[in-house]
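Inspection log for the structure reproduced underneath, given as structure tokens.
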Amino acid sequence: MNTTYDVKLGVIQHRTDRETPTFIARWRVAGKPKSKSFRTKGLANAFMSDLRQAAKMGEEFDIATGRRCR
């Protein structure tokens, strides 16, 4: 498993061009863009908060999945 500490957190985008509004969390791991969609802004904010806390604590992130390693 390839891991890195190079994480850049992006913004949460609100997509209204679909039948159901979607919120997309965006971030980069080792320069590779990653994203995950959520039904509510609160869920997207909670997910980004978890990523932010992991990066702040110096945890490693998996390059392939973009998620933190446990």
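If you're wondering where the values come from, they're calculated on a predicted model, not measured in any experiment.
Listed here is the closest heavy atom pair of M48 and A25: SD-CB, 3.6 Å. Scanning both residues, D62 and V29, for their nearest heavy atoms gives O-CG1, 3.9 Å. When all heavy atoms are compared, the tightest approach of P33 to R28 is CD-NH1, 3.9 Å. Between A54 and R68, the shortest heavy-atom contact is CB-CD, 3.5 Å. Summarising the geometry of I24 relative to R15, their closest heavy-atom pair is CD1-CG, 3.4 Å, with the distance given to 0.1 Å. Taking both residues in full, the closest heavy atoms of E59 and F61 are given as O-CD1, 3.5 Å, listed atom of the first, atom of the second, then distance.
For T22 (side chain) and T20 (main-chain N/O), a donor-acceptor pair under 3.5 Å exists by modelled atom type.
A parallel orientation is assigned to the rings of H14 and F23, their planes being inclined by less than 30° (bins at 30° and 60°).
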Decide yes or no on side chain to side chain contact (heavy atoms under 4.5 Å, CB included) for R26 and Q13, but give the supporting numbers first.
CA-CA 8 Å; R26 298 197 183 270; Q13 295 179 334; 2.7 Å; yes
Audit row: I63, K32, side chain to side chain contact (heavy atoms under 4.5 Å, CB included) steps and yes/no
CA-CA 8 Å; I63 295 174; K32 296 182 179 183; 4.0 Å; yes
Residue pair Q53, L51: steps toward the side chain to side chain contact (heavy atoms under 4.5 Å, CB included) verdict:
CA-CA 5 Å; Q53 288 176 2; L51 292 181; over 6 Å; no
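For the atom pair S49 OG and L9 CG, the distance stands at 10.0 Å (nearest 0.5 Å). Rounded to the nearest 0.5 angstrom, T65 OG1 and N2 CG are separated by 11.0 Å.
Salt-bridge annotation for K8 and D6: present, with a side-chain N of the basic residue lying under 4.0 Å from a carboxylate O of the acidic one.
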